[in-house]
Amino acid sequence: MADAQPLLQVKGLTRRFGGLLAVSALDMSVHRGEILGLIGPNGAGKSTTFAMMAGAIEPTAGEMYFEGQSLNGLPTHAFAARGIVRTFQHNKPFDSMSLQENVMVGMHSQVPLSLWQVVLGTAKARAFEKHVHEKALHWIDFVGLGEYAKADVHTLSFGQGRLLEIARGLAAQPKLMLFDEPAAGLTATECLRLADIIRGIAAQGIAVLLIEHDMAFLMALAHRVVVLNFGGKIAEGSPAQVQAEPAVVAAYLGQLKVPHA
Ligand SMILES: Nc1ncnc2c1ncn2[C@@H]1O[C@H](COP(=O)(O)OP(=O)(O)O)[C@@H](O)[C@H]1O
Ligand SMILES: [Mg+2]
């Protein structure tokens with residue numbers, strides 16, 4: 001797990017909203033193939049941290065390095081182009097499209113063709129089209145929705161919609177996936193499926209950063225956990241280590257039950 005260079009490294013990452021310090025001098029790193037849990041009570045700064053890592057909001061201070069290169073000051077689309085993909089709590093599929101079409105939309109940025117190659121229907125354009133169809137099907141299969149590939153997205157259940165969102169994210173060829181509460185609203189059976197999918201993603205060498213309220217789900221899945229409270233890091237280590245930290249137990253008192261190691 002501890003390869004020489006982290007995939008993502010943040011140093012002194014800080015974000016203010018007016019007088020509020022949402023994230024405060026955060027140092028952390030994520031490695032390829034690692035499932036890293038990011039936990040903390042409501043308002044601790046988890047989603048704000050994700051928003052900065054995805055390039056959706058700018059840090060007030062601090063540095064972020066991805067594959068050793070600075071992300072500072074880059075536009076949002078550059079974060080995605082480098083391989084950082086965030087999936088959302090509330091999935092928003094495109095209306096009146098099949099699952100496959102929905103996933104293909106996420107692949108538009110990979111088009112290696114000129115407009116003329118597309119317009120003229122060249123062999124290269126046809127080959128790329130075939131590649132896009134196959135890749136989309138591959139990721140739909142990967143999340144277990146293969147039999148619904150041609151179905152309209154409206155026919156999906158809430159939980160299936162969440163899985164489709166993950167397939168869309170994977171089609172963008174991420175190196176790092178940010179999951180903000182992916183288990184929220186899922187049934188127990190769907191949570192098990194989701195856990196398998198996340199393990200399968202990490203097994204391919206993709207780094208997974210996971211925010212999750214369901215502690216049993218997160219602790220069973222994460223290789224390592226970072227704990228935030230009031231924007232600052234209060235603990236870091238294996239699931240067993242952080243659950244045994246008095247500061248972590250205290251931060252969660254009255255909020256959530258933390259299963260003791
Ligand atoms: N866009 C915003 N404008 C003002 N305050 C914000 C904004 N986003 C988050 N906050 C505040 O920053 C703090 C951290 O929020 P957030 O990162 O969403 O926490 P978490 O995801 O850990 O629950 C909270 O106090 C929240 O109210
Ligand atoms: Mg949040």
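Numbering of ligands and ligand atoms starts at 1, following listing order.
For the Mg ion (ligand 2), the N/O/S atoms of Ser47 include one lying under 2.8 Å.
Using a 4.0 Å cut-off between a side-chain N of Lys or Arg and a carboxylate O of Asp or Glu, Arg199 and Asp196 qualify as a salt bridge. Salt-bridge check for Arg162 with Glu190: failed, with every basic side-chain N at 4.0 Å or more from each acidic carboxylate O. Between Glu67 and Arg82, no side-chain nitrogen of the basic residue sits less than 4.0 Å from a carboxylate oxygen of the acidic one, so the salt-bridge criterion is not met.
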What are the polar N/O contacts of ligand 1 with the protein below 3.5 Å, with distances?
unit_1: ligand 1; atom_1: 17 (O); unit_2: Ser47; atom_2: N; d: 3.4
unit_1: ligand 1; atom_1: 17 (O); unit_2: Thr48; atom_2: N; d: 2.9
unit_1: ligand 1; atom_1: 17 (O); unit_2: Thr48; atom_2: OG1; d: 2.5
unit_1: ligand 1; atom_1: 19 (O); unit_2: Gly45; atom_2: N; d: 3.2
unit_1: ligand 1; atom_1: 21 (O); unit_2: Ser47; atom_2: N; d: 2.9
unit_1: ligand 1; atom_1: 21 (O); unit_2: Ser47; atom_2: OG; d: 3.0
unit_1: ligand 1; atom_1: 22 (O); unit_2: Ala44; atom_2: N; d: 3.1
unit_1: ligand 1; atom_1: 22 (O); unit_2: Gly45; atom_2: N; d: 2.9
unit_1: ligand 1; atom_1: 22 (O); unit_2: Lys46; atom_2: N; d: 2.9
unit_1: ligand 1; atom_1: 22 (O); unit_2: Lys46; atom_2: NZ; d: 2.8
unit_1: ligand 1; atom_1: 23 (O); unit_2: Gly43; atom_2: N; d: 2.8

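Nearest heavy-atom pair across Leu209 and Phe50 is O-CZ, 3.3 Å.
Counting only N and O atoms by type, the side chains of His213 and Glu181 include a donor and acceptor under 3.5 Å apart.
One finds the CG atom of Leu194 at 7.5 Å from the CG atom of Leu221 (value rounded to the nearest 0.5 Å).
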